[in-house]
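Below is one structure, written out as structure tokens; the observations come after it.
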Amino acid sequence: GMTIDDLLRQLSHDGLIDRMECLFGADTAEFHENLATYQARLDFELDVIIQMGFPGYFLIVMDFIGWAKKNDIPVGPGRGSGAGSLVAYALLITDIEPLKYDLLFERFLNPERVSMPDFDVDFCMEKRDKVIEYVAQTYGKEAVSQIITFGTMAAKAVVRDVARVQGKSYGL
């Protein structure tokens, strides 16, 4: 009975209250002192997310990260520009509180620089295939893909790293 936008707003506001109660304690003076600041930031982010048409993306990421956690699959705390999102923090996508570290949401999602949002999510190597299987079953195999990046090392860097691992001096 709700639109996807309304669902994202409700889950985000509910999640923010839960997170703030953990940070400041339930119904404490510190909680109430910070509530307006946190809610204003959350509403700003939600407006941008909805305006740019990405509420479904946040809900899907929230879903499969939540599924992984419920199924004892270790998930990283969040990294990259997505850690600057209070919405992601409220939805338990990340465990990094962006206001505490002055992280900018605009580095993650910015209407003036149109690009797709991209959460960097780290799963346990031994169980990541279970998460991929869950997402494929839930959202369709045709909607799931994996990416990987490869780095190359120059000869000098290889020699330096091999020497370091073997405990040899760089001069050798």
Side-chain angles (χ1 to χ4, degrees), residues 4-26 28 30-132 134-135 138-139 143-151:
I4 195 168
D5 298 351
D6 292 338
L7 179 60
L8 180 66
R9 283 188 189 279
Q10 180 181 338
L11 292 173
S12 297
H13 280 279
D14 292 348
L16 179 66
I17 296 300
D18 291 343
R19 288 287 204 168
M20 288 186 65
E21 287 176 350
C22 289
L23 290 172
F24 305 116
T28 63
E30 192 175 11
F31 175 94
H32 291 290
E33 289 169 11
N34 288 287
L35 184 60
T37 301
Y38 277 75
Q39 285 184 329
R41 166 76 177 258
L42 189 78
D43 287 332
F44 165 76
E45 289 186 19
L46 286 166
D47 290 344
V48 171
I49 293 164
I50 291 167
Q51 171 196 342
M52 294 183 75
F54 296 125
Y57 176 72
F58 278 76
L59 293 172
I60 290 169
V61 173
M62 175 197 74
D63 173 54
F64 70 75
I65 289 176
W67 182 88
K69 290 176 180 178
K70 288 177 193 154
N71 287 277
D72 297 319
I73 299 172
V75 181
R79 61 182 173 85
S81 61
S85 172
L86 188 61
V87 171
Y89 180 68
L91 296 176
L92 305 178
I93 293 171
T94 67
D95 291 322
I96 299 167
E97 198 275 271
L99 276 71
K100 178 179 179 180
Y101 299 104
D102 295 323
L103 301 177
L104 300 174
F105 173 71
E106 293 81 359
R107 292 196 61 203
F108 175 63
L109 198 57
N110 187 334
E112 295 175 14
R113 182 187 49 112
V114 178
S115 62
M116 297 290 292
D118 178 26
F119 284 110
D120 298 320
V121 182
D122 298 310
F123 293 105
C124 169
M125 285 300 295
E126 288 90 36
K127 297 181 180 181
R128 74 182 311 132
D129 58 323
K130 292 180 181 183
V131 178
I132 295 166
Y134 168 78
V135 174
T138 304
Y139 300 101
V144 178
S145 66
Q146 296 182 68
I147 62 168
I148 188 166
T149 57
F150 292 95

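One is the number of the first residue; the rest follow in order along the sequence.
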Practice problem: Would you give the length of the straight line joining atom CG of L109 to atom CE of M116, rounded to the nearest 0.5 angstrom? | Solution: 9.5 Å

Quiz item: How about F31 and I17: do any of their side-chain heavy atoms sit closer than 4.5 Å?
Solution: yes

Quiz prompt | Pairs meeting criterion salt bridge (charged side-chain N to carboxylate O under 4.0 Å, His left out) with involvement of residues 103-113, two or more places apart | solution = none

Exercise. Tell me yes or no: between the side chains of Y139 and D63, is some donor less than 3.5 Å from an acceptor?
Key: yes

Just distance, no hydrogens or angles: give the donor-acceptor pairs under 3.5 Å from side chains in residues 44-55, sequence neighbours left out.
unit_1: E45; atom_1: OE1; unit_2: S85; atom_2: OG; d: 3.0
unit_1: E45; atom_1: OE1; unit_2: L86; atom_2: N; d: 2.8
unit_1: E45; atom_1: OE1; unit_2: V87; atom_2: N; d: 2.9
unit_1: E45; atom_1: OE2; unit_2: R41; atom_2: NE; d: 2.6
unit_1: E45; atom_1: OE2; unit_2: R41; atom_2: NH2; d: 3.3
unit_1: E45; atom_1: OE2; unit_2: L86; atom_2: N; d: 2.9
unit_1: D47; atom_1: OD1; unit_2: R9; atom_2: NH1; d: 3.4
unit_1: D47; atom_1: OD1; unit_2: R9; atom_2: NH2; d: 2.7

Quiz item: Considering all heavy atoms of both residues, which atom of T28 and which atom of G25 are nearest to each other, and what is their separation?
Solution: OG1-O, 3.4 Å

Quiz prompt | Considering all heavy atoms, the nearest M62-L11 contact | solution = CE-CD1, 3.8 Å

Quiz item: Which pairs, with at least one residue in residues 31-40 and sequence neighbours excluded, count as a side chain to side chain donor-acceptor pair (under 3.5 Å)?
Solution: D27-H32, Y38-E97

Quiz prompt | By ring pair (Phe, Tyr, Trp, His ring centres under 6.0 Å) - contacts of Y57 (at least two apart) | solution = F119

Self-check item: With sequence neighbours excluded, residues passing ring pair (Phe, Tyr, Trp, His ring centres under 6.0 Å) with F64
Solution: none

Quiz item: Which residue pairs satisfy the ring-ring contact (aromatic ring centres under 6.0 Å, His included) criterion with at least one member in residues 74-107, sequence neighbours excluded?
Solution: none

Practice problem: Apply the test side chain to side chain contact (heavy atoms under 4.5 Å, CB included) to residues L92 and K69: give CA-CA distance (whole Å), side-chain angles for both, the deciding distance (0.1 Å), then the verdict. | Solution: CA-CA 10 Å; L92 305 178; K69 290 176 180 178; 4.3 Å; yes

Self-check item: Where F58 and A88 come nearest, the two heavy atoms and their spacing
Solution: CE2-N, 4.5 Å

Practice problem: Please round to the nearest 0.5 Å and tell me the distance separating atom CG of L16 and atom CG of L91. | Solution: 10.0 Å

Quiz item: How far apart are the closest heavy atoms of L42 and A90, and which atoms are they?
Solution: CD1-CB, 4.3 Å

Quiz item: For A68, what residues pass the side-chain contact (heavy atoms from CB on, under 4.5 Å) criterion, not counting sequence neighbours?
Solution: I73, V75, F123, V131

Practice problem: Could you list the residues that satisfy salt bridge (Lys or Arg N to Asp or Glu O under 4.0 Å) with D120, not counting sequence neighbours? | Solution: R79

Exercise. Quick one: which residue pairs count as a side chain to side chain donor-acceptor pair (under 3.5 Å) with a foot in residues 15-25, not counting sequence neighbours?
Key: R19-D95

Quiz item: So how far is it from N71 CG to K127 NZ, rounded to the nearest 0.5 Å?
Solution: 9.0 Å

Practice problem: Taking side-chain contact (heavy atoms from CB on, under 4.5 Å) as the test, write out the residues that go with D6, two or more places apart. | Solution: M2, T3

